[in-house]
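What follows is a single structure, written as structure tokens, with notes after it.
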Amino acid sequence: MPAPEFWLFKTEPSVFSIEDLEKSPGKTAPWEGVRNYQARNFMRDQMKKKDLGFLYHSNTKETGIYGIVEITKEGYPDAFAFDTNSNYFDPKSKKENPTWYMVDVKLVRKFKKPVLLKDMKEFPQLREMKLLQKGNRLSVMPVSKIEFDFIKSLSQ
DNA sequence: GCCAACGTTGGC
DNA sequence: GCCAACGTTGGC
């Protein structure tokens, strides 16, 4: 069995927050609406059941990591892309050949206090982290095991 | 609300 | 295939 990999999921809390995930049935929800090819490839091709990820709040007052999620369902077509009533509708995605994929994530732990972006920037151990690279806009990205463990150790 | 950085689109 | 124009992301 391959070693688990680690991920980071960005979300705007005004759209979908960690509290929303906590309130979802089984604390589990599909990670729909990703419309970027690189991020899609991670979800479609690389994420495995039991992989862990951070849940990150962007575009908010306190940007940072708010908790840990687990992949409970591997990549499958994002049906919201087929729904003309959805904000995530995309006419180029066809049911017989879907463009967009999603995974299901389950909340494992909500931190008592978030690990804030501004604090992460201070640690030399995290200097290489993808999230912190200038201009990075990926909404789903890999995190190294070392970074994952380090940030976990900072959390409460 | 501003704006830099980036991804996508579409004319040619 | 190039690249300008446009739209979006996301920190501040």
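Order of the sequence lines fixes the chain letters, A, B, ..., with proteins taken first and strands second; residue numbering starts at 1 for each chain. Hydrogens, waters and symmetry mates are skipped; everything else that's a heavy atom, side chains included, is used.
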### Query
Contact class for A/Lys118 (heavy atom, under 4.0 Å): base, sugar-phosphate, or nothing?
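Nothing, no heavy atom under 4.0 Å.
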Atom-pair distance ([atom1] on [X]; [atom2] on [N]), nearest Å:
X: A/Met141; N: B/dG7; atom1: CE; atom2: P; value: 12 Å
X: A/Asn136; N: C/dT9; atom1: CG; atom2: C1'; value: 10 Å
X: A/Gln133; N: C/dG11; atom1: CD; atom2: C1'; value: 15 Å
X: A/Asn36; N: C/dG7; atom1: CG; atom2: C1'; value: 14 Å
X: A/Leu138; N: C/dG10; atom1: CG; atom2: P; value: 9 Å
X: A/Trp100; N: B/dG7; atom1: CH2; atom2: P; value: 13 Å
X: A/Leu116; N: C/dC12; atom1: CG; atom2: P; value: 11 Å
X: A/Asp90; N: B/dG7; atom1: CG; atom2: P; value: 18 Å

### Message
Looking at every heavy atom in both A/Ala39 and A/Asn36, which two are closest together, and how far apart are they?
### Response
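Smallest interatomic distance, heavy atoms only, reads N-OD1, 3.0 Å.
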### Query
Of A/Asn59 and A/Gln38, whose closest DNA chain B nucleotide lies nearer the 5' terminus?
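With A/Gln38 and A/Asn59 compared, the 5'-side residue is A/Asn59.
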### Query
Are any of the side-chain nitrogens in A/Asp78 or A/Arg35 under 4.0 Å away from the carboxylate oxygens of its partner?
yes
### Query
Side chain of A/Leu117: nearest nucleotide among B/dT8, C/dG10, C/dG11?
C/dG11
### Among C/dG10, C/dG11, B/dT8, the one nearest A/Tyr37 by side-chain distance
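Closest nucleotide to the A/Tyr37 side chain: B/dT8.
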Can you give me the N/O atom pairs linking the protein to nucleotides 2-4 of chain B at distances under 3.5 Å, or say none if there are none?
none

### Task
May I ask you to check whether A/Arg109 and A/Ser155 show a side-chain donor-acceptor distance below 3.5 Å?
yes
### A/Trp31 versus A/Asp104, side-chain donor and acceptor atoms under 3.5 Å
no
## Note on the structure
Paired with A/Phe54, the ring pair (Phe, Tyr, Trp, His ring centres under 6.0 Å) test is passed by just one of A/Phe9, A/Phe148, A/Phe6, A/Trp7, namely A/Phe148
### Short side-chain N/O contact to C/dG10 OP1/OP2 from A/Lys61, under 4.0 Å
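No.
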### Query
For A/Tyr56 and C/dG11, is the shortest distance between a side-chain N/O and OP1 or OP2 below 4.0 Å?
yes
### Query
Who else is in the cluster with A/Trp100 when I, L, V, M, F, W and Y are joined by side-chain contacts under 4.5 Å?
A/Tyr37
### Query
Is it true that atom CD1 of A/Ile146 has more than 12 heavy atoms of other residues, nucleotides or ligands lying nearer than 6.0 Å?
no
